[in-house]
Structure formats: C-alpha cells, structure tokens
Amino acid sequence: MKLRGSLPHKNEEYGTEVYWDKRYEQEAEEASFDWFKTYADVANDIRKYIPNKAARILMLGCGNSKFSEDMWEDGYKKLSTLMYYSPVVIGKMRNRHKDIRPEMTWEVKDVRTLDGLDASSFDVAIDKGTMDAMMTSSTDVWDPSEQVIKDCTAEVSQVLRVLKPNAVFIYITFGQPHFRRRYLTGAHLTRNTSLEINQLGESFHYYMYILRII
C-alpha cells in the first residue's frame, strides 16, 4: 500500500515517539504500511527459520504493518506480544484484530527495556526496521553516536534475555553487514550465539540476520 501520513522533516524524527504518534493519528483506521519487505516476500525464509507454527513469537515494533497479520494467516497463531512505543498505533491495531485474531496481544513497550517480559519466554523475536529507526539519530553510519550504539545494543541484549535456549532473533533491514554486525556480535551478548546473514533481493539488497542462541 502507498505510504500515507506526513513524512518527517529530518530522518532523526523516525526515532521519536512524537513523530510516530502524530503520523498514526493522521492515518485512517484501516491504513497499513510494510517497511522493507512484506511477509509474502520473505515467507519461505520465515518458514525455514521458524518451522514450528506453535512458536511463541515476539514482534518488535509492529507499527500498522500487515506482517503479523499475514504470519497469523499462515498458521503462526502465537504472536502473543506485539509492541511499539506509540500508544496510538497499538490502540488501532488492538481494535483491528481483537475479534478476528483474539490470540494476538498488543502492548506498548520499549524494545530497549522490554519491561514486564519474563526471561526465556519466547521462541522467536523479529525486528523489521525498528532498530533502523533508532539509528536515524546519527548521520554517520561509519561512526554512529554513542546513543545509537547504546540503544541498539540494549535492544539486542534485552531480546536475548527474553528468548529461550535454541531460540532465534530475526532482524530484517537494508543495513549491510559491515554496518550492522557490531550490534549482533560482541561483549554485550550475554549468551552464546551464532550469526547467519542472508541477502534478499536482486537489485536493491535487503538483509536478514539470524541470531541463534546455542
């Protein structure tokens, strides 16, 4: 669907709650937009890395995307916690799905803290563009600010905290490995992991990073 709502004056606004609340307030109740890739684009990869349709899945930064909806239609019914730090869009998504997909729950949470989520309670976590939004506060991808590094490593650390043994964190982005690997490897990882990187697309490339707890 065509992108709706006001675009930010500066890219840094993508990393603010104020921008997203304003944008979602202006958009129609039924509006939706998928960043980077739709579920159909990556469905075969998702089925490969999440073979168990009963897996408990944590969606980090749902927005008004249809990605979760399409996963639910494909048999992944335990999309039990979907979050975004915009209460406006969470309210809209809760109303949209409460009768048709009652198993899906919608909570306002910050991916950097994941307050209230128990350790080792999810089989899968998926980020499609949320970490990228936090990176917009820095204009130099080669030398990101201390705040960007702090925010992104905090998200990954919290994701690893709430994932079960042998669980996977799937991160979909346009960011090339030499810009993103630093957040998915290093001393801030408190559990043993393996990292797999897949390139998506034929012209403009996207990437799927699969961080698996071992």
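Everything quoted here is computed from the prediction, not taken from an experiment. Residue numbers start at 1 and run along the sequence shown.
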Under a 4.5 Å cut-off applied to non-hydrogen side-chain atoms, are [X] and [Y] in contact?
X: R182; Y: I149; value: yes
X: S120; Y: R191; value: yes
X: I126; Y: M71; value: yes
X: Y183; Y: M135; value: yes

Would you say the side-chain atoms of [X] pair up with the backbone N or O of [Y], donor to acceptor, closer than 3.5 Å?
X: K128; Y: K37; result: yes
X: R56; Y: V124; result: no
X: R112; Y: D151; result: no
X: S157; Y: H188; result: yes
X: R161; Y: L117; result: yes

Gap separating the [atom1] atom of [X] from the [atom2] atom of [Y], nearest 0.5 angstrom:
X: W106; Y: K92; atom1: CH2; atom2: NZ; value: 13.5 Å
X: H97; Y: S68; atom1: NE2; atom2: OG; value: 7.5 Å
X: L60; Y: T130; atom1: CG; atom2: OG1; value: 6.5 Å
X: M93; Y: K66; atom1: CE; atom2: NZ; value: 9.5 Å
X: T153; Y: L189; atom1: OG1; atom2: CG; value: 9.5 Å
X: E73; Y: I100; atom1: CD; atom2: CD1; value: 8.5 Å

Next on the checklist: Does L163 form a side-chain contact (heavy atoms from CB on, under 4.5 Å) with L58? I'd like the steps, not just the answer.
Outcome noted: CA-CA 9 Å; L163 287 180; L58 175 66; 6.0 Å; no

Item to check | E103: salt bridge (Lys or Arg N to Asp or Glu O under 4.0 Å) partners, not counting sequence neighbours | outcome: none

Item to check | Partner of E155 by side chain to side chain contact (heavy atoms under 4.5 Å, CB included), out of D127, L114, L160 | outcome: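 The option that passes is D127.
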
With sequence neighbours excluded, what pairs up with [X] under the side-chain hydrogen bond (donor to acceptor under 3.5 Å, both in side chains) test?
X: N192; value: none
X: K164; value: D123
X: D132; value: Y171, T173, R180
X: R47; value: N44, D74

Checklist entry - Does K53 NZ have over 12 foreign heavy atoms under 6.0 Å away? => result yes

Item to check | Trace of the side-chain contact (heavy atoms from CB on, under 4.5 Å) decision for L184 with T193 | outcome: CA-CA 9 Å; L184 301 168; T193 61; over 6 Å; no

Checklist entry - When the ring planes of W142 and F179 are compared, do they come out parallel, tilted or perpendicular, using 30° and 60° as the limits? => result perpendicular

Checklist outcome for this item: Residues at least two apart in sequence or cross-chain that pass ring-ring contact (aromatic ring centres under 6.0 Å, His included) with H205, listed by chain then number, are none

Next on the checklist: By the ring-ring contact (aromatic ring centres under 6.0 Å, His included) test, which pairs, at least two apart or in different chains, include something from residues 48-77?
Outcome noted: Y39-F67

Checklist entry - Do any pairs count as a ring-ring contact (aromatic ring centres under 6.0 Å, His included) and have a residue in residues 144-169, sequence neighbours left out, and if so which ones? => result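 Pairs touching residues 144-169 that pass the test: none.
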
Checklist entry - In chain order, what residues pass the side-chain contact (heavy atoms from CB on, under 4.5 Å) check against T113, with sequence neighbours excluded? => result D110, D115

Item to check | Residues in side-chain contact (heavy atoms from CB on, under 4.5 Å) contact with R181, at least two apart in sequence or another chain | outcome: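 Testing R181 for side-chain contact (heavy atoms from CB on, under 4.5 Å), a comparison that skips the adjacent residues, returns P177, T185, L195, I197.
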
Checklist entry - Is it true that R96 and E69 make a salt bridge, defined as a side-chain N closer than 4.0 Å to a carboxylate O? => result no

Which atoms form the tightest heavy-atom contact between [X] and [Y], and what is the distance?
X: A125; Y: V159; result: CB-CG1, 3.7 Å
X: I50; Y: A55; result: CG2-CB, 3.9 Å
X: G116; Y: K109; result: CA-NZ, 4.2 Å

Mind listing the side-chain donor-acceptor pairs of residues 207-214 below 3.5 Å, one per line with the distance, residues two or more places apart or on another chain?
| from | atom 1 | to | atom 2 | distance (Å) |
| --- | --- | --- | --- | --- |
| Y209 | OH | G175 | O | 2.7 |
| Y209 | OH | Q176 | O | 3.4 |

